Protein chains: 6
Amino acid sequence: MIHITRRERFSAAHKLAKDEWSDEQNMEVFGKCSNPNWHGHNYILWVTVKGEPQPSTGFVVDLSALGDVIKEKVIAKLDHKNINLDVDFMKGQMSSTENIAIAIWNQIEKPVAELGAQLHSVKLQETENNYVEYFGN
Amino acid sequence: MIHITRRERFSAAHKLAKDEWSDEQNMEVFGKCSNPNWHGHNYILWVTVKGEPQPSTGFVVDLSALGDVIKEKVIAKLDHKNINLDVDFMKGQMSSTENIAIAIWNQIEKPVAELGAQLHSVKLQETENNYVEYFGN
Amino acid sequence: MIHITRRERFSAAHKLAKDEWSDEQNMEVFGKCSNPNWHGHNYILWVTVKGEPQPSTGFVVDLSALGDVIKEKVIAKLDHKNINLDVDFMKGQMSSTENIAIAIWNQIEKPVAELGAQLHSVKLQETENNYVEYFGN
Amino acid sequence: MIHITRRERFSAAHKLAKDEWSDEQNMEVFGKCSNPNWHGHNYILWVTVKGEPQPSTGFVVDLSALGDVIKEKVIAKLDHKNINLDVDFMKGQMSSTENIAIAIWNQIEKPVAELGAQLHSVKLQETENNYVEYFGN
Amino acid sequence: MIHITRRERFSAAHKLAKDEWSDEQNMEVFGKCSNPNWHGHNYILWVTVKGEPQPSTGFVVDLSALGDVIKEKVIAKLDHKNINLDVDFMKGQMSSTENIAIAIWNQIEKPVAELGAQLHSVKLQETENNYVEYFGN
Amino acid sequence: MIHITRRERFSAAHKLAKDEWSDEQNMEVFGKCSNPNWHGHNYILWVTVKGEPQPSTGFVVDLSALGDVIKEKVIAKLDHKNINLDVDFMKGQMSSTENIAIAIWNQIEKPVAELGAQLHSVKLQETENNYVEYFGN
């Protein structure tokens, strides 16, 4: 069993705020992340899958096929978008890094399995000082 | 004469689009950067100043005073903001990386001179694949 | 369960040497790290905690509260200090990266629990070519 | 138990292609990685070992001894070499990142044990967008 | 006048050796870079152009058009290739980083001018410890 | 004319303080950098030289000879040392990053000329947020 990781990137806007709260309440709980006019990040995403290398190719999985899955299911929906407004799989959720990572897992778990590998982790970095990792449960 | 550089960072939303154009026209000229609901970046800013080291301290300039100038005049106005909507010194301009860098120069040129140094360059990185540098003319 | 990581940094002096040994003995065992007049590093610290995202915020833990714990319990005591001489929680121990990481774990395990999360790992980088990770046992 | 990691680097040429296939077949399966005249990478290698810090030194293992093992068993054989043609422990295998990482594990598992530590993982990065990790089984 | 820089990357094989010399002579002058069976690198390329931002767009140059020029004239010819054998514009030259950078300048100077900007510099990194910069004369 | 840069690193202790001042005075002017028991950094050094590539080799200068000069004249004297106490060429000077960079220039200007190249700049990074550059006058 070996792990292989693909890095992808996207740039997106978001805010952390509850619609039913006032700006002051949101500021108190979410700080500057609640700015009503949005802010944004260069997110970095690492998707790790695992499996046995195939004897004929030496690959666990065709990396460019894995890249295509991530681009189609994740990057095309998040890159140069507003995570709160534009992204179907984030509707109705707070756009915390934790929630985005879990949603990305749910987007790609099945397509990764169809490539013959097993999704191991989704790591998502919001700024150079913080990132999350999700292992599926 | 020696150059000294201070790095600071801010995360902000923006879009590249002209109000008087349709979404289609904006998409044609500005591509995905024109997404109507905004997108955003982790910007990295390097401010370089120059001067002679003072014999008593060995410093061209007090770096924490320089940091305070950048934080007050630039970071506090851009970090976790919408560059198009929230930033007084960007009003009426396209929020291209070029224009932001020039505006940052104009914000800090005088305060840097008051610290006894001369502003040499403003370097602003939008993504890991592109950045601009402005030298004041 | 999701993991979230906060990065912090500190710059400190130290040496690896036993007081009861001669400089020659220390040089033999610890090499250039035993330089009697000290040397130093820009340490990089990653603290990883785990838990369930709270439905109302989407957060495992309030990252700025986590940052405050790390700053108060760790960074304020290590940054711009001599690890062998100035740091109460390193007294009587070799200032190896391993020992510093374990000591940092002991400093923050309880305060992290009080934030409602569980400490998962402490990663400490001494130079770009070496780092340690401690998982609490 | 604590983990300690040493980073080393090597620059090597390779290609992904089966001798018994035509260039066209190889291109179909391996894409541009099958270029007949080779291509190459700056590989980055992280070797992680684990153990208890020794009370007298605070070390899990003497890092420079670990570095010497990696340099002798791995770097000297791969750096500025052709992985397909010049490297004894890669003979007869596809030079996928997966296979190189497993082969590196096999090269150093015993020498690391002789240093008094246990090999935990071999991480090998081929480009800034992909890397593999092997844990020994 | 403002400078804007685009980063691109390519992975290639090469060697530094003169055909008319023996392997021993090449080893004496070029060291391990002369390995007869090639070695390779992940090269990183920064292309810097300069000009005035256009009032309507805020751009010195359309960055994706600049990216297309670099991809067509440089990356497509170097990526996953052997610089000594496969690259028309390097024929008959030593594949030192200096010579590659100068050749890249010559490849893109005119196409950059046709985009309405002026080529300022080509920076090419061979490993994390060395890079060259060429300014056109 | 082309520029070529070599990166080297050293880890050292220092403090910014005047012997003739009290700890309180030093703290007022130099802040936490005046900690009486020292602190330290992982310094990163980039040395840039310039010249014409030689037709026979394609090199401006033999990079490993340049590396040897930097290691002998700079790194061997600064790495794992106390800059204030152990380094002959820093005696009697404040160990500001500015002064260290200028002193490094003076150490290597002549030996670089003897290699047949011209020293262009010394860049020295103290932390990821600040660095200096010296061009020789």
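Below, chains carry the letters A, B, ... as their sequence lines are ordered, and counting in each starts from 1. Everything quoted here is computed from the prediction, not taken from an experiment.
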- [ ] Answer yes or no: does atom CD of E28(E) have more than 12 heavy-atom neighbours from other residues, nucleotides or ligands under 6.0 Å?
- [x] no
- [ ] Taking atom NZ of K110(E) as the centre, report whether more than 12 heavy atoms of other residues, nucleotides or ligands fall under 6.0 Å from it.
- [x] no
Task: From OG (S11(E)) to NE2 (H14(D)), nearest 0.5 Å - done: 8.5 Å
Open item on the list: At under 4.5 Å between heavy atoms, what parts of residues 36-52 of chain D are in contact with chain E? List them by residue number.
Closed with: N37(D), W38(D), H39(D), G40(D), H41(D), N42(D)
Open item on the list: Does atom NZ (K73(D)) have a neighbourhood of more than 12 heavy atoms from anything else shown, all under 6.0 Å?
Closed with: no
Open item on the list: Give the interface residues of residues 80-89 of chain E toward chain D, defined by a heavy-atom separation under 4.5 Å.
Closed with: H80(E), K81(E), N82(E), L85(E), D86(E)
Open item on the list: At a 4.5 Å cut-off on heavy atoms, which part of E126(E) comes close to chain D: side chain, backbone, both, or neither?
Closed with: backbone
Task: Crowding at NZ, K18(D) (>12 non-hydrogen neighbours, <6.0 Å) - done: yes
